[in-house]
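See below for the structure under consideration.
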Amino acid sequence: MRRVRLQRDLPVPMPDGVTLLADHYAPAGGERAPVILMRSPYGRRGLFGWYYGRGFARQGFHVVIQSCRGGFGSGGLLDPLGDEHDDGLATIAWLRKQPWYGGSFAMFGPSYLGYTQWAVAPYAGPELKAMATQITASQFRDAAYVGGAFALESTLSWTTLTDGMSRRFGGAALLTAPRLTRRAVLSGRPVAELDLASAGRPLRFYQDLLMHHAHPDVPYWDKRDFSPKVGEVDAAVTMLGGWYDVFLPWQLKDYTAMRAAGRRPYLTIGPWYHIDTRHGRPAMAESLAWFRAHLLGDFSGLRPDPVRLYVTGAEEWRDFPDWPVPGTRGQRWHLQHGFGLGTDGPLDAPPDRFRYHPSHPTPVIGGPVLLGDSRPRDQRRLEQRRDVLVYSSAPLESDVEMIGPVRGELFVRSSTPYVDVVVRVCDVHPDGRSYNVCEGVRRLSASDSLDGVRRVSVDLWPIAHRFGRDHRIRVHVAAGAYPTIARNPGNGDPLGGGDGAMVPADVEVFHSPDLPSAVVLPLCAPRG
């Protein structure tokens with residue numbers, strides 16, 4: 001294990017005259033060697049410096065940890081997502097000029113630090129040999145507007161967090177942001193004013209996201225969305241994600257985009273949520289093996305199969321050759337009369353109905369959020385509400401494993417064209433406990449209306465889960481999941497208005513041979 005030398009606050013000039021600060025962790029001796037670059041809006045010290053900076057440097061790598069523009073001593077104004085492409089490329093150009101640069105480099109980091117990797121990876125040139133990304137994606141737009149609905153809690157908590165950190169509240173902001181966000185969303189104030197309630201002042205990035213909610217495909221996102229270039233990345237990429245992470249669906253899209261382009265990324269998904277400290281150790285171990293392979297030529301630490309998944313319910317790790325897992329097939333579980341759920345087609349029956357009141361939005365229990373504990377929680381209290389339809393299978397006669405994407409296909413009719421369709425899959429234990437496995441939402445608008453019944457496709461979070469013998473599979477259908485998603489006021493205004501402007505929705509869910517509402521689950525082939 002090597003000793004480490006540390007240089008703090010190295011100035012890195014940007015083309016527009018702004019200076020960003022970086023810390024350099026070097027193996028004792030200072031010889032030329034491959035570099036690992038980390039670009040962070042959350043500071044350069046603490047866990048990043050002590051664990052990753054020193055950890056990689058002790059293995060013989062130079063490590064550069066840089067503060068992104070507008071925070072922790074780096075100049076310029078904070079513009080989340082907006083400057084990472086230009087600033088990242090300028091930092092790489094600076095890196096090449098350092099006397100200790102060994103001619104190749106890699107990038108590392110979770111969440112926003114992973115996004116900064118994707119912002120430059122297609123343009124960094126052949127010297128970029130490897131990337132290790134965790135709980136992240138090449139674009140955050142779809143996570144902010146999940147299913148077309150505004151991801152209120154995650155967006156507000158993150159903008160509150162970054163504001164607190166940029167005002168030198170440091171790590172304390174991670175503790176206070178969720179509490180301030182929860183207080184804000186329960187305040188009853190309009191969505192457009194919730195930043196005032198959480199941070200005490202307008203937050204530019206929060207307001208930018210609100211402004212572009214109704215029209216996400218606008219030039220604002222052109223320099224913030226790097227997903228079209230993912231397949232062009234030549235560097236070797238390893239990805240680590242969590243089944244309960246807010247970015248998982250889009251991380252898997254990055255994986256499939258690389259596979260479609262003929263790349264061979266590695267993928268690990270564990271039973272983790274976004275701020276779960278449990279994924280720190282495997283992230284370090286897998287990344288170190290990855291960097292040793294692709295920067296030093298030592299492939300002995302890599303596993304044979306590129307995909308490693310933790311199967312919840314079975315509570316065990318499995319290795320596979322690819323994602324989606326070969327041999328799986330979509331199995332339709334139909335909503336049935338009497339609130340049943342099964343693989344048999346539905347019989348003729350009238351639709352089920354509920355009323356959604358936007359002034360008293362349907363709450364959510366658990367589910368993926370950015371700064372909270374997103375592990376599954378008992379849903380029985382939610383299932384007692386009149387604005388949640390609950391469909392349950394008979395007890396399973398044997399174990400059933402589902403590994404892959406999940407999709408809802410529902411036929412609905414609403415008294416207002418502006419309504420959300422929320423679908424959730426749960427695992428019901430023999431003693432009655434009902435735990436959420438995955439969920440999804442689709443926001444409908446007037447443009448979606450087809451006069452009367454609408455066929456609605458809802459993408460849920462992907463899963464790798466075993467439903468045990470004597471357990472039941474359960475499906476929720478609702479029109480809200482507050483505050484994970486902003487309430488739909490029913491009036492076509494994505495920001496909502498006063499209570500008087502809100503329009504309740506009477507929603508019908510059909511389940512008949514002609515209108516067979518179902519959830520499509522990824523049935524995994526039995527193991528040989």
Side-chain angles (χ1 to χ4, degrees), residues 1-14 19-45 47-68 72 74 84-110 112-134 136 233-238 283-299 301:
M1 196 71 68
R2 306 188 186 201
R3 296 178 57 196
V4 175
R5 293 187 300 107
L6 170 60
Q7 287 183 285
R8 295 193 186 277
D9 302 331
L10 296 178
V12 183
M14 298 294 106
T19 297
L20 308 185
L21 297 185
D23 292 348
H24 173 212
Y25 295 81
E31 65 274 10
R32 289 162 59 91
V35 178
I36 298 172
L37 174 64
M38 301 167 58
R39 303 192 62 250
S40 167
Y42 305 125
R44 306 185 296 283
R45 292 158 199 178
L47 175 67
F48 290 135
W50 174 77
Y51 190 55
Y52 297 119
R54 293 185 182 278
F56 287 131
R58 287 188 179 118
Q59 299 295 325
F61 300 102
H62 290 275
V63 183
V64 173
I65 306 178
Q66 181 189 65
S67 289
C68 295
F72 295 91
S74 288
E84 307 313 339
H85 173 74
D86 293 343
D87 288 356
L89 291 181
T91 300
I92 292 169
W94 171 86
L95 197 66
R96 292 186 176 114
K97 298 177 183 177
Q98 304 313 302
W100 36 264
Y101 177 64
S104 63
F105 73 101
M107 296 188 291
F108 170 87
Y112 196 100
L113 286 75
Y115 173 83
T116 65
Q117 297 182 54
W118 289 117
V120 298
Y123 316 92
E127 293 170 69
L128 173 61
K129 301 298 184 182
M131 295 166 55
T133 71
Q134 304 89 35
T136 192
V233 173
D234 287 326
V237 178
T238 183
M284 180 66 173
E286 292 197 359
S287 300
L288 180 58
W290 196 251
F291 294 151
R292 290 190 62 83
H294 297 287
L295 291 172
L296 303 179
D298 176 11
F299 289 83

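Predicted, not measured: the structure shown is a model, and the values here were computed from it. Computed over heavy atoms, backbone and side chain alike; hydrogens, waters and symmetry mates excluded.
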For G102 and R32, the nearest pair of non-hydrogen atoms, with its separation, is CA-CB, 4.2 Å
May I ask you to decide if S74's main-chain N or O and S67's side chain share a donor-acceptor pair within less than 3.5 Å? no
Not counting sequence neighbours, which residues clear side chain to side chain contact (heavy atoms under 4.5 Å, CB included) with S40? List them please. Y42, F48, L113
Which atom of F72 lies closest to which atom of P41, heavy atoms considered: CE1-O, 3.5 Å
Set out, in order, the CA-CA distance, both residues' side-chain angles and the distance that settles ring pair (Phe, Tyr, Trp, His ring centres under 6.0 Å) for F56 and H62, then state yes or no. CA-CA 8 Å; F56 287 131; H62 290 275; over 10 Å; no
Check whether any side-chain heavy atom of D298 sits under 4.5 Å from a side-chain heavy atom of F291, and report yes or no. no
Taken to the nearest 0.5 Å, the spacing of H294 NE2 from F299 CZ works out to 5.0 Å
To the nearest 0.5 Å, what is the distance between CD on Q59 and CG on L296? 9.5 Å
Drop me the distance from Q98's CD to L10's CG, to the nearest 0.5 angstrom. 7.5 Å
Looking only at heavy atoms, which two atoms of Y25 and R44 are closest? And how far apart? OH-O, 4.1 Å
Test side chain to side chain contact (heavy atoms under 4.5 Å, CB included) on L37 and F108 and set out the steps. CA-CA 6 Å; L37 174 64; F108 170 87; over 6 Å; no
Any non-hydrogen side-chain atom of W94 less than 4.5 Å from a side-chain atom of L20? no
Would you call the rings of W100 and H24 parallel, tilted or perpendicular, taking 30° and 60° as the class edges? parallel
Measure across C68 and T116 and return the closest heavy-atom pair with its distance rounded to 0.1 Å. SG-CG2, 4.3 Å
Do the non-hydrogen side-chain atoms of I92 and E127 ever get within less than 4.5 Å of each other? no
Do you know which two heavy atoms are closest between A124 and R96, and how far apart they sit? O-NH2, 2.8 Å
Calculate, to the nearest 0.5 Å, the distance between atoms CZ and CD1 belonging to F61 and I36 respectively. 5.0 Å
The side-chain hydrogen bond (donor to acceptor under 3.5 Å, both in side chains) partners of R8 (sequence neighbours excluded) come to none
Will you find, in the side chains of T133 and Q117, an N or O donor that is under 3.5 Å from an N or O acceptor? no
Taking every non-hydrogen atom, the tightest pair across G29 and R5: N-NE, 4.1 Å
Side-chain touch V64/R39, heavy atoms, less than 4.5 angstrom: no
Side chain to side chain contact (heavy atoms under 4.5 Å, CB included) with Y52: of L288, L47, V63, I65, only one passes, and it is L47
Trace of the salt bridge (charged side-chain N to carboxylate O under 4.0 Å, His left out) decision for R54 with D23: CA-CA 11 Å; R54 293 185 182 278; D23 292 348; over 6 Å; no
